[in-house]
Amino acid sequence: MTLGLVNANPVVHAKKERVARTEDLHCDDSVDPLDIYDFVRDIRDPEHPYSLEQLSVLSEESITVDDKLGRILITFTPTIQHCSMATVIGLCLRVKLQECFPPHYKVDIKVAPGSHADEEAVNKQLNDKERVAAALENPNLRQLVDECLYSNEL
């Protein structure tokens with residue numbers, strides 16, 4: 001049996017123009033929300049051939065950084081309340097951030113309040129190290145995450 005898309009007709013927005021940055025992202029340990037946004041905005045949605053930015057799953061305003069406490073918070077908004085791919089999107093964000101940003105930052109990834117029917121369960125899963133590690137050991141799930149991160153379809 002073939003299942004259809006949960007959200008067959010998502011609203012697609014235009015991509016924003018990239019801001020030219022002169023400083024090197026890796027030159028010091030400070031992190032800017034715009035740096036993070038530029039790094040994760042092109043992650044492909046697991047269900048659609050569009051980026052998280054194009055689907056308004058992420059925005060510049062949904063990323064906060066506290067350099068003093070060493071914390072990064074990304075809040076994303078699934079396209080529908082029953083999005084079955086919310087945890088995959090969160091895994092994609094986590095893997096992408098692990099590749100680039102200093103490891104001493106604590107990264108919290110959450111769905112926006114009221115944006116998902118299972119908000120508490122999704123948030124718990126995305127911020128539990130053991131659950132994240134176990135999910136990424138699943139070869140099928142890891143392949144899906146890699147396809148979203150390294151796809152050139154956009």
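The analysis underlying the following values was restricted to heavy atoms, covering all of them including side chains, and did not include hydrogens, waters or symmetry mates. Throughout, numbering of the chain's residues begins at 1 and tracks the sequence.
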SG of Cys92 to CG of Leu97, rounded to nearest 0.5 Å, is 11.0 Å
How many angstroms lie between atom CG of Leu34 and atom CD1 of Ile63, to the nearest 0.5 angstrom? 8.5 Å
With sequence neighbours excluded, give me every side-chain hydrogen bond (donor to acceptor under 3.5 Å, both in side chains) pair touching residues 119-131. Arg94-Asn127
Should Asp67 and Val65 be marked as a side-chain contact (heavy atoms from CB on, under 4.5 Å) after you check the CA-CA gap, both sets of side-chain angles, and the distance that decides it? CA-CA 6 Å; Asp67 276 319; Val65 175; 3.8 Å; yes
Please report the interatomic distance SG(Cys148) to CG(Leu91), rounded to the nearest 0.5 Å. 10.0 Å
To the nearest 0.5 Å, tell me how far Lys110 NZ sits from Leu126 CG. 10.5 Å
Of all pairs that satisfy salt bridge (Lys or Arg N to Asp or Glu O under 4.0 Å), the ones with a partner from residues 74-86, not counting sequence neighbours: none
Check the pair Leu141 / Leu136 against side-chain contact (heavy atoms from CB on, under 4.5 Å), numbers first and verdict last. CA-CA 7 Å; Leu141 191 51; Leu136 293 173; 5.8 Å; no
Could you go step by step and tell me if Tyr150 and Arg44 meet the side-chain contact (heavy atoms from CB on, under 4.5 Å) rule? CA-CA 8 Å; Tyr150 308 113; Arg44 185 179 58 82; over 6 Å; no
Just how far is it from atom OH of Tyr105 to atom CG of Asp66, taken to the nearest 0.5 Å? 8.5 Å
Contacts of Glu147 meeting side chain to side chain donor-acceptor pair (under 3.5 Å) (sequence neighbours excluded), chain-then-number -> Gln143
Can you measure from CG (Leu93) to CG (Leu58) and round to the nearest 0.5 angstrom? 5.5 Å
Run the side-chain contact (heavy atoms from CB on, under 4.5 Å) test on Arg41 and Leu52 for me, step by step, so that the C-alpha distance in whole Å, both residues' side-chain angles and the decisive distance to 0.1 Å come before the verdict. CA-CA 6 Å; Arg41 67 196 274 184; Leu52 298 182; over 6 Å; no
Output a table of donor-acceptor pairs, distance under 3.5 Å, between side-chain atoms of residues 68-78 and any protein atom two or more places apart or on a different chain; print 'none' if there are none.
| from | atom 1 | to | atom 2 | distance (Å) |
| --- | --- | --- | --- | --- |
| Arg71 | NH2 | Asp108 | OD2 | 2.5 |

Kindly check if the number of other-residue, nucleotide or ligand heavy atoms within 6.0 Å of NZ (Lys96) is above 12? yes
Considering non-hydrogen atoms only, spot the tightest contact between Ile109 and Gly90 and give its length. CD1-O, 3.6 Å
Side-chain (His116) to main-chain (Cys83) donor-acceptor, under 3.5 angstrom: yes
Residues in side chain to side chain donor-acceptor pair (under 3.5 Å) contact with Arg142, at least two apart in sequence or another chain: Asp146
